[in-house]
Amino acid sequence: MSDPANSVVVLDFETTGLSPTMGDRAIEVGAVRIEQGEITGSFQQLMNPGFAINSFIEEYTGIRNGMLAHAPSCEEVMDQFADFIGDANLIAHNASFDQRFLDAELDVIGRGYGGEFACSMLIARRLYPDAPNHKLASLVSYKSIANDGVFHRALADAQVTAQLWLTMLNDLATEYQVKQPTFAMMQKLSRTPKAKLHRFLQAQI
DNA sequence: TGCCAGGCCCTCTTTAGGGCCTT
């Protein structure tokens, strides 16, 4: 199997806001590497965006301006992070958000990556339509995923997103008999209309 | 920095609008 869904990098950014095109920057990146269904590595680093973050972001993330004052620059951290992710396929919760920041920050330093993204939120919407909502913290509670109670910090969110990803792979195996899904299959699953979901999963057995 | 975006999904849809997610 060339692209197993259980060998990926799960990542999460904390940022100064919602939109890199509006001037927002990354302030922290966290990631865990999953190989053959096991967590085998991690990456976490604060980074200095070059300007002060507002009080909302300080409260939302717990990351204070004082913590960023002596952090390395975004350019320095993202260069190291590009080495960490290499050509791995990538997972994030609401991946379009993290992909925009990854692309924007790597553009600044003229680097890229070889993998593709899949979105744990879109897949969770397909697999868990009865969850109260599909926020990361809600899904962690809904699936009884072990956690340390920390949310909105990059490594903590990447760790629970990784556990959610492994939980979804396990549920595909136990509830739908999809034993060894590929990354490409998970991407297709995230884009399969609800009405066609059952037939799609039946075809993967 | 500047007071914000963007992609996906659903429906009272497709010549559109609004909610969900992410910081």
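Each chain gets a letter, A, B and so on, in the order its sequence line appears, and its residues count up from 1. If you're wondering where the values come from, they're calculated on a predicted model, not measured in any experiment.
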**Message:** What is the distance, to the nearest angstrom, from the CG atom on A:Asn133 to the P atom on B:dC8?
**Reply:** 20 Å

**Item:** Same-atom distance (C1') from B:dT23 to B:dG7, integer angstrom
**Value:** 16 Å

**Request:** Under 4.0 Å between any heavy atoms, over every strand shown, what does A:Arg125 touch: base, sugar-phosphate, or nothing? Just pick one.
**Result:** base

**Fill in**
Contacts of A:Tyr60 and A:Asn54 projected onto DNA chain B by closest heavy atom; the upstream (5') one is A:Asn54

**Item:** Same-atom distance (C1') from B:dC12 to B:dG17, integer angstrom
**Value:** 11 Å

**Asked** If you look at every strand shown and take non-hydrogen atoms under 4.0 Å, does A:Ala92 touch a base, only sugar-phosphate, or nothing?
**Response** nothing

**A:Leu102 CG to B:dT22 C1', straight-line distance once rounded to whole Å** = 15 Å

**Prompt:** Given B:dC10, is OP1 or OP2 found less than 4.0 Å from the side-chain N or O atoms of A:Lys194?
**Reply:** yes

**Complete:** Here the distance between atom C1' of B:dC21 and atom OH of A:Tyr128, to the nearest Å, is 18 Å

**Asked** Using the ring of each side chain (for Trp, its six-membered ring), is A:Phe101 parallel, tilted or perpendicular to A:Phe97, with breaks at 30° and 60°?
**Response** tilted

**Asked** In whole angstrom, what separates A:Asp103's CG from B:dG6's P?
**Response** 14 Å

**Message:** If I take atom NZ in residue A:Lys135 and atom P in nucleotide B:dC20, what distance separates them, rounded to the nearest angstrom?
**Reply:** 8 Å

**Prompt:** Does B:dC21 have OP1 or OP2 sitting under 4.0 Å from an N or O in the side chain of A:His93?
**Reply:** no

**Nucleotide B:dC4, atom P - distance to CE of A:Met22 in whole Å** = 9 Å

**Request:** Return yes when atom NZ of A:Lys179 has more than 12 non-hydrogen atoms of other residues, nucleotides or ligands closer than 6.0 Å, and no otherwise.
**Result:** yes

**Item:** For atom CD of A:Gln99 and atom P of B:dG6, their distance in whole Å
**Value:** 14 Å

**Whole-angstrom distance between B:dT22 and B:dC4, as gauged at atom C1'** = 14 Å

**Asked** With a non-hydrogen cut-off below 4.0 angstrom, is A:Leu136 in contact with a base, only sugar-phosphate, or nothing?
**Response** sugar-phosphate

**Asked** Got A:Leu172 and A:Met186 here, is their nearest side-chain heavy-atom distance under 4.5 Å?
**Response** yes

**Prompt:** Base, sugar-phosphate alone, or nothing: which one does A:Phe13 contact when heavy atoms must sit under 4.0 Å apart?
**Reply:** sugar-phosphate

**Prompt:** Does A:Ala137 or A:Pro193 map to a spot on DNA chain B nearer the 5' end, using the closest nucleotide for each?
**Reply:** A:Pro193

**Message:** Measuring only the C1' atom in each nucleotide, how far is B:dC10 from B:dT14? A whole number of Å is fine.
**Reply:** 13 Å

**Message:** With a cut-off of less than 4.0 Å, is there a side-chain N or O of A:His134 near OP1 or OP2 of B:dC21?
**Reply:** yes

**Request:** Could you please name the option among B:dT22, B:dT23, B:dC4 that lies closest to any side-chain atom of A:Thr61?
**Result:** B:dT23

**Item:** Polar side chain donor-acceptor pair, A:His93 to A:Ser120, under 3.5 angstrom
**Value:** yes

**Asked** Looking across every strand, which nucleic acid part, if any, lies under 4.0 Å from A:Ser138 by heavy atom: base, sugar-phosphate, or nothing?
**Response** nothing

**Message:** Suppose you measure atom P in B:dT13 against the same atom in B:dG18; what distance do you get, rounded to whole Å?
**Reply:** 14 Å

**Item:** A:Thr21 side-chain N/O to B:dG6 phosphate OP1/OP2 under 4.0 Å
**Value:** yes

**Prompt:** Of A:Asn147, A:Ile39, A:Val140, which is the lone residue that meets side chain to side chain contact (heavy atoms under 4.5 Å, CB included) with A:Gln163?
**Reply:** A:Ile39

Atom pairs and distances, side-chain donor-acceptor, residues 20-32 of chain A, under 3.5 Å, sequence neighbours left out:
unit_1: A:Thr21; atom_1: OG1; unit_2: A:Ser19; atom_2: OG; d: 2.8
unit_1: A:Asp24; atom_1: OD1; unit_2: A:Thr16; atom_2: OG1; d: 2.9
unit_1: A:Asp24; atom_1: OD1; unit_2: A:Gly17; atom_2: N; d: 3.4
unit_1: A:Asp24; atom_1: OD2; unit_2: A:Leu18; atom_2: N; d: 3.1
unit_1: A:Asp24; atom_1: OD2; unit_2: A:Ser19; atom_2: N; d: 2.9
unit_1: A:Arg25; atom_1: NE; unit_2: A:Glu105; atom_2: OE1; d: 3.3
unit_1: A:Arg25; atom_1: NE; unit_2: A:Glu105; atom_2: OE2; d: 2.9
unit_1: A:Arg25; atom_1: NH2; unit_2: A:Glu105; atom_2: OE1; d: 2.8
unit_1: A:Glu28; atom_1: OE1; unit_2: A:Arg153; atom_2: NE; d: 3.0
unit_1: A:Glu28; atom_1: OE1; unit_2: A:Ala154; atom_2: N; d: 3.0
unit_1: A:Glu28; atom_1: OE2; unit_2: A:Gln44; atom_2: NE2; d: 2.6
unit_1: A:Glu28; atom_1: OE2; unit_2: A:Arg153; atom_2: NE; d: 3.3
unit_1: A:Glu28; atom_1: OE2; unit_2: A:Arg153; atom_2: NH2; d: 2.8

**Request:** Mind checking A:Asp98 for me? I need base, sugar-phosphate or nothing, with any heavy atom below 4.0 Å counting as a touch.
**Result:** nothing

**Interatomic distance where CD belongs to A:Glu105 and C1' belongs to B:dT23 [whole Å]** = 13 Å

